[in-house]
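Numbers restart at 1 for each chain; the letters A, B, ... are given by sequence-line order, proteins then strands.
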Number of protein chains: 2
Amino acid sequence: MLNNRQQKILKLIIDDFIDNGLPVGSRTISKNPTLGISSATIRNEMADLEELGYIFQPHTSAGRIPSDLGYRLYVDSLDTERLLDADQRVLIRNLLLSGKIKAEEIVEKAAHLLAEMTGLAVVASYPGFKKRALSNLKLIKISDTKVLLILVSDNEVVKSITLSFSGTSQDILDLISNSLIRNLEGSTIEDIDIKKISRLKYDLRQFENVIDYLVPILRDSLKNIEDDEFYVDGFENFLTVPEFSNSEKARKMYRLFEEKEVLNELFNDIQREGIFIKIGDENNIPLLNECSVITTAYRYRSNDLGKIVVIGPKRMDYRGIISVVEYTRNTLSDIFSGIYL
Amino acid sequence: MLNNRQQKILKLIIDDFIDNGLPVGSRTISKNPTLGISSATIRNEMADLEELGYIFQPHTSAGRIPSDLGYRLYVDSLDTERLLDADQRVLIRNLLLSGKIKAEEIVEKAAHLLAEMTGLAVVASYPGFKKRALSNLKLIKISDTKVLLILVSDNEVVKSITLSFSGTSQDILDLISNSLIRNLEGSTIEDIDIKKISRLKYDLRQFENVIDYLVPILRDSLKNIEDDEFYVDGFENFLTVPEFSNSEKARKMYRLFEEKEVLNELFNDIQREGIFIKIGDENNIPLLNECSVITTAYRYRSNDLGKIVVIGPKRMDYRGIISVVEYTRNTLSDIFSGIYL
DNA sequence: ACTTAGCACTCAAGTTAAGAGAGTGCTAAC
DNA sequence: GTTAGCACTCTCTTAACTTGAGTGCTAAGT
């Protein structure tokens, strides 16, 4: 489609625009020594590139700005191999490994780290909870009227739910907990149903009335468990992007990161481990049509995925960001595959 | 100090400025029928009010704007009795009582409600954890290498800490949990020390080596418990206040709400139940010297306080906001004193 | 001793005009 | 196919001018 020189010019235009944020003129490009052609020639090429839809002018007599299509070609032809230097690699790995015990905290930390290193907004998730098998469970008395139900999944996620449940001692709760986990262990959390819970009765006939009281409460609260936890970081970075410092847009953006459904929509698209980039209008969420969204997924143990989304203005340092995201993704996969233990 | 008419004029100026956000001129005030004096007279009075420091001009030939001192007098002489109508009272009470079991969720909800009703930023806290007595405790196995320590305080706050601790069965953890709670119950959480933990040994001689391994881990993790949990809501409201839509200020404000130390500083001033207002430079935190900060505390049971802070621009509807804050505070106090049970 | 009409004055904000600067497209020559 | 040259276009900045809201002060009225 594009000849070599056109590609080279397009790349120079986009590089310059990413650096400076101003429309790029023919003279600027012509100064590049590896090209050795005059601005007039560049103008001719630019006219062609514009006709093909890769760049456009914000107004007559202005330089050129890359279109979504232009960014697309640019991004697709980027070579990001081994860009990160050893220092940065060590930094990322050390920070992710430092002092965190809980898997979720590592993911949270990764989101923070990415936000800081890329200067963009980041959302990360930890593999879903409901589809995992239950590995432990405990009922803990917290007051005369309340009991805490703790659920532990086989990927070490812990969720707790407060139940309204009165007049039982911790001793009885311990017995019930033991019986429950014996009956439920290994079921996926979404598969726990009233039938399985009811098996309790056969174990603990002497507490039949307590259990009759507990079973519906348990069932209802299990229904309300949330699946994914999102870790959001770096929203503040949007406040300094000129494009978004407009107060109404900033407010909408803020809301975006607070709404679980939108985040879910964003995450549902991610099904594989590679790095995927959606530019401008390629995004399904209208609010993001001035943004680029970089997504990836890290492998959790062997068969589960955690997801990462990086959101920023279309004008971003794709090369640098892709390599940071990729290395962070790989490091998380490594950590969760256990190679650092 | 100020005669009746001056007070009346000052109030009119501030009311108008709060409504419109523009410097208030003498002609505007003179139109008020209850005053019946000409703009020239008002100008004279305004000159006096300015000399006394209650108002000032942003520039010569502009109308007047209230100074911090002016706002102070205005706020001190506000009468907020019974401003909230029955509908709003019912709304607040019902929302706070609806479907929430966990005390912390009620506080979180209250912060959200306040943010929505006032259009300002809100931070609320739940009574401190470390000074409370321990009421329950449980160790739960979450993987081969990790154990979750659950602590329940006598005010029903639950904290969990993940410990690196391997090679023990849930059965043994249950025994240890039982022994621990027997030895520690009633101690305040900050008073739990290695001496008290070590009593375990006498109870469970058969697991001495497990316990020797566990004790230092427990001690270290108890040190790292965080005291207060903050619920922040309504930051987004700052994005539409013209004064703060400046990107750098918005960013700083965002950071403010993320930094626990700053929030702690804000909360430490609150020691009593009444409504307190700090206007502009009355605030110790420099970033807030263009803001008014309204603080109050709700009573938790009989001897503990939870705190509420509302932050907005100095130009806010003090009357309305004070009454909403006050009613919410009272409702929380009522809920936690148990009168709705 | 207050109050008020009147007037000169000030300042911010909006409007207009001019000019500089960056960049383009096109043409004609190389 | 490339390039120098030139007329043209559009944004952005600056300065000058205008408008309008509001003030302070003075002098006359109550």
Side-chain angles (χ1 to χ4, degrees), chain A residues 2-10 12-67 70 242-243 315, chain B residues 2-10 12-67 70 242-243 245-246 315:
Chain A
L2 294 188
N3 65 39
N4 230 323
R5 192 170 71 179
Q6 286 173 318
Q7 285 187 30
K8 206 165 168 184
I9 291 173
L10 180 60
L12 286 170
I13 292 171
I14 299 183
D15 278 336
D16 189 281
F17 183 71
I18 286 174
D19 275 1
N20 306 310
L22 298 171
V24 187
S26 54
R27 234 175 82 81
T28 312
I29 299 300
S30 75
K31 278 178 192 149
N32 186 292
T34 72
L35 225 46
I37 48 178
S38 77
S39 63
T41 310
I42 310 258
R43 280 202 284 286
N44 291 331
E45 295 286 26
M46 279 177 159
D48 289 349
L49 285 172
E50 178 152 6
E51 209 165 308
L52 292 166
Y54 294 103
I55 51 179
F56 68 98
Q57 296 178 278
H59 57 85
T60 350
S61 88
R64 261 53 173 221
I65 285 178
S67 67
E243 171 67 307
R315 180 168 92 76
Chain B
L2 293 188
N3 65 39
N4 229 322
R5 192 170 71 182
Q6 285 172 318
Q7 285 188 30
K8 206 163 169 186
I9 291 173
L10 180 59
L12 285 171
I13 292 172
I14 299 184
D15 279 336
D16 189 282
F17 183 70
I18 286 175
D19 275 3
N20 306 310
L22 298 171
V24 187
S26 52
R27 236 174 80 81
T28 312
I29 299 299
S30 75
K31 278 180 194 149
N32 186 291
T34 73
L35 225 46
I37 47 178
S38 77
S39 63
T41 310
I42 310 253
R43 280 202 285 285
N44 290 330
E45 295 286 26
M46 278 176 157
D48 290 348
L49 285 171
E50 178 152 9
E51 210 165 305
L52 292 166
Y54 293 103
I55 52 180
F56 68 97
Q57 296 177 278
H59 58 87
T60 348
S61 90
R64 265 40 176 235
I65 285 178
S67 66
E243 171 67 309
S245 61
N246 162 314
R315 182 168 92 77

Nearest-Å distance, [atom1] ([X]) to [atom2] ([N])?
X: B:Ile65; N: D:dA21; atom1: CD1; atom2: C1'; answer: 14 Å
X: A:Lys31; N: C:dA22; atom1: NZ; atom2: P; answer: 9 Å
X: A:Ile42; N: D:dG1; atom1: CD1; atom2: P; answer: 16 Å
X: B:Leu22; N: C:dA12; atom1: CG; atom2: P; answer: 15 Å
X: A:Gln6; N: D:dG1; atom1: CD; atom2: P; answer: 12 Å
X: B:Asn20; N: D:dA21; atom1: CG; atom2: C1'; answer: 15 Å

Say you draw a straight line from [atom1] of [X] to [atom2] of [Y]; how long is it, rounded to the nearest 0.5 Å?
X: B:Arg5; Y: B:Asp48; atom1: CZ; atom2: CG; value: 9.5 Å
X: B:Ile14; Y: B:Ser67; atom1: CD1; atom2: OG; value: 7.5 Å
X: A:Arg43; Y: A:Arg64; atom1: CZ; atom2: CZ; value: 9.5 Å
X: A:Ser26; Y: A:Lys31; atom1: OG; atom2: NZ; value: 10.0 Å
X: B:Ile29; Y: B:Leu35; atom1: CD1; atom2: CG; value: 8.0 Å
X: B:Leu49; Y: B:Met46; atom1: CG; atom2: CE; value: 8.0 Å

Exercise for the section: Determine whether more than 12 heavy atoms belonging to other residues, nucleotides or ligands lie under 6.0 Å from atom CG of B:Asn4. Expected result: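 No, the 6.0 Å shell around CG holds no more than 12 heavy atoms from other groups.
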Practice task
Map B:Pro58 and B:Thr41 onto DNA chain C by nearest heavy atom, then report which one ends up closer to the 5' terminus.
Solution key: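 Between the two, 5'-proximity favours B:Thr41.
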Fill in the blank from the handout: Against the side chain of B:His59, the closest entry in D:dT3, D:dT2, C:dA12 is C:dA12
Using nucleotides 28-30 of chain C, report all nitrogen or oxygen pairs with the protein that are shorter than 3.5 Å.
none

Might you list the N or O atoms of the protein lying below 3.5 Å from N or O atoms in nucleotides 23-30 of chain D, with each pair's distance?
residue: D:dT23; atom: OP1; partner: B:Ser26; partner atom: N; Å: 3.3
residue: D:dT23; atom: OP2; partner: B:Ser26; partner atom: N; Å: 3.2
residue: D:dT23; atom: OP2; partner: B:Ser26; partner atom: OG; Å: 2.6
residue: D:dG24; atom: OP1; partner: B:Arg64; partner atom: NH2; Å: 2.8
residue: D:dG24; atom: N7; partner: B:Arg43; partner atom: NE; Å: 3.1
residue: D:dG24; atom: O6; partner: B:Arg43; partner atom: NH2; Å: 3.3

Handout entry: side-chain contact (heavy atoms from CB on, under 4.5 Å) partner of B:Asp16, the single match among B:Ile13, B:Asn20, B:Leu12, B:Ile18
Key = B:Asn20
Problem - Close side-chain approach of A:Tyr54 and A:Leu2, heavy atoms under 4.5 Å - result: yes
